[in-house]
Number of protein chains: 2
Amino acid sequence: MSRPQRVPRAELRQAILESARGILDREGAPGLSARAIAREIGYTAASIYNVFGSMSDILMEVNRDTFARLEQLFDSLPATGTPAARLHLICQAYISFMRRNPALWSALFGGIRQRENFPDWYGEAIRGLMGRLALLLCEHAPELDPERAGRLTEQLYVAVHGAVALEVDRRLDILTAQSASEIAASVLDAMLSRLKPKA
Amino acid sequence: MSRPQRVPRAELRQAILESARGILDREGAPGLSARAIAREIGYTAASIYNVFGSMSDILMEVNRDTFARLEQLFDSLPATGTPAARLHLICQAYISFMRRNPALWSALFGGIRQRENFPDWYGEAIRGLMGRLALLLCEHAPELDPERAGRLTEQLYVAVHGAVALEVDRRLDILTAQSASEIAASVLDAMLSRLKPKA
DNA sequence: ACACCTTATTGAACATTGTTCACTAACTCT
DNA sequence: AGAGTTAGTGAACAATGTTCAATAAGGTGT
């Protein structure tokens with residue numbers, strides 16, 4: 001192999017991550033391997049281990065980026081309409097993002113390259129996303145105490161997760177003719193209508 | 001390898017499946033491999049391919065058995081109490097079964113050895129389980145039309161699936177302090193209270 | 001300009017996976 | 001007993017993640 005010029009660590013790191021994202025996008029999770037990345041960036045598989053400790057670490061960095069993209073997505077949605085409508089919008093945006101990027105979902109939650117311990121920022125990122133939902137829930141039902149709003153938000157997220165997980169694995173249609181979007185909308189409606197039976 | 005006596009096909013088939021279930025139970029999904037099964041039943045990995053077309057086929061048979069066990073579990077629950085209480089009981093039984101047998105869950109829904117097409121009985125089995133829930137839903141709210149009951153049941157199943165999926169992957173505690181049981185109970189309550197606001 | 005040293009990069013190796021296949025041993029039938 | 005069928009085997013293949021001694025490139029000191 002012709003030896004590449006030495007390159008700043010950070011640049012190589014970036015190249016690896018970009019390549020990983022590209023492969024995930026183009027070929028899905030099963031196409032991602034150390035050798036595939038290496039081939040693409042003109043290095044050898046072993047070189048990747050000078051920068052990252054494991055394949056799982058690379059996926060974690062991809063995840064960090066995915067969470068950032070989700071935050072941006074959520075914040076780029078129009079802030080108009082009732083809180084209920086905005087909640088629906090966020091849920092649908094989340095689902096459609098995952099539908100467009102199934103491999104990113106696999107990296108986030110799929111069984112692909114399981115790990116024991118997740119870094120703190122992982123949970124914080126998810127809680128950050130959920131915080132936006134909780135705020136809207138409180139707006140929708142002002143008398144709702146924030147702690148209960150938090151719990152309801154977590155329940156909503158978990159339910160939506162179920163729908164997305166099944167849809168990304170192409171298993172949802174085995175259970176139901178409903179789409180993930182419809183299921184999420186119904187669950188959200190059930191939750192909202194309970195808080196404000198008449199509005 | 002000392003060549004085992006020839007044995008009726010069906011017997012070997014059974015031995016393979018029992019071994020697979022045993023390994024899943026003892027070592028979890030990552031411990032399951034063609035060679036591991038072969039070692040346990042005193043054959044060679046290649047022999048397994050005289051009986052099953054692929055590892056995925058073996059998992060599918062394990063799944064068939066798991067569905068049967070779930071049906072038995074559901075039917076063995078006491079048929080007393082309100083329909084609402086019985087719905088809660090079934091959900092909790094499902095969750096606790098999966099908690100006790102995480103590898104069986106992985107075989108059913110986890111990313112482990114993905115496949116494209118699922119046999120018909122797979123969907124039928126899940127719909128069979130859901131049918132029991134739908135019946136109870138109709139009992140709980142007699143004015144509910146069966147089709148909508150079916151859709152609600154599917155939504156419930158998907159939501160519970162989300163909770164179980166995260167809990168089995170040891171990721172639920174990253175999102176929330178609530179357990180899968182609590183989440184399922186809350187979602188179910190939300191669904192029920194909407195059907196019968198006052199009862 | 002030359003030698004030295006540090007370190008990025010490599011190729012080869014290991015263990016493991018699912019799966020295939022030609023060969024052989026064991027059984028069945030005539 | 002001999003022929004034919006088939007179950008079981010061992011070895012092989014292509015991958016995987018990961019490790020490691022060897023090497024080449026680059027910067028540094030004189």
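A quick note: this is a predicted structure, and the numbers were derived from the prediction, not measured. Proteins get letters first, then strands, A, B, ... in listed order; numbering begins at 1 in each. Just the heavy atoms: all of them, side chains too, but no hydrogens, waters or symmetry mates, feed the values below.
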**Student:** Would you mind listing every side-chain hydrogen bond (donor to acceptor under 3.5 Å, both in side chains) that reaches into residues 124-134 of chain B, with sequence neighbours excluded?
**Tutor:** B:Asp75-B:Arg132
**Student:** Quick one, give me the B/S/- string for nucleotides 14-21 of chain C, reading 5' to 3', where B means a protein heavy atom under 4.0 Å from the base and S means that only happens at the primed atoms, P, OP1 or OP2.
**Tutor:** ---BBBBB
**Student:** Output the rounded distance in Å from CG (B:Asn50) to C1' (C:dT24).
**Tutor:** 13 Å
**Student:** The criterion is salt bridge (Lys or Arg N to Asp or Glu O under 4.0 Å); which residues satisfy it with A:Asp120, sequence neighbours excluded?
**Tutor:** none
**Student:** Which whole-number value in Å describes the distance from A:Ile23 CD1 to D:dT16 P?
**Tutor:** 10 Å
**Student:** Calculate the interatomic distance between A:Ile37 atom CD1 and D:dT16 atom C1'; express it in whole Å.
**Tutor:** 13 Å
**Student:** Quick one: stems involving DNA chain C, counted as three or more successive Watson-Crick or G-U pairs, both distances short of 3.5 Å.
**Tutor:** C:1-30 with D:1-30
**Student:** Provide, to the nearest angstrom, the distance between the CD atom belonging to A:Gln114 and the C1' atom belonging to D:dG17.
**Tutor:** 16 Å
**Student:** Partners of B:Ser33 by side-chain hydrogen bond (donor to acceptor under 3.5 Å, both in side chains), sequence neighbours excluded?
**Tutor:** none
**Student:** Quick one: list whatever passes side-chain hydrogen bond (donor to acceptor under 3.5 Å, both in side chains) with B:Ser181, sequence neighbours left out.
**Tutor:** B:Gln92, B:Arg99
**Student:** Quickly work out the B:Phe52 CZ to D:dG8 P distance and round it to whole Å.
**Tutor:** 13 Å
**Student:** Would you mind reading off the distance between B:Arg13 atom CZ and D:dG8 atom P, rounded to a whole angstrom?
**Tutor:** 15 Å
**Student:** Can you find a side chain N or O atom of B:Ser47 that sits less than 4.0 Å from OP1 or OP2 on D:dA7?
**Tutor:** no
**Student:** Can you list everything that forms a salt bridge (Lys or Arg N to Asp or Glu O under 4.0 Å) with B:Arg69? Sequence neighbours excluded, please.
**Tutor:** none
**Student:** Answer yes if B:Leu135 and B:Leu152 sit in the same cluster of Ile, Leu, Val, Met, Phe, Trp and Tyr residues linked by side chain heavy atoms under 4.5 Å apart, and no otherwise.
**Tutor:** no
**Student:** List for me each residue that meets salt bridge (Lys or Arg N to Asp or Glu O under 4.0 Å) alongside A:Glu147, sequence neighbours excluded, and say none if there are none.
**Tutor:** none
**Student:** Please determine whether a side-chain nitrogen or oxygen atom of B:Thr44 lies at a distance below 4.0 Å from atom OP1 or OP2 of D:dG8.
**Tutor:** no
**Student:** Under the ring-ring contact (aromatic ring centres under 6.0 Å, His included) definition, can you give me all pairs with a residue in residues 53-94 of chain A, not counting sequence neighbours?
**Tutor:** A:Phe67-A:Tyr122, A:Tyr94-A:Tyr157
**Student:** Let me know the distance between CZ of A:Arg9 and C1' of D:dG26, rounded to the nearest Å.
**Tutor:** 15 Å
**Student:** Heavy-atom distance under 4.5 Å between the side chains of B:Glu182 and A:Arg151, does that happen here?
**Tutor:** no
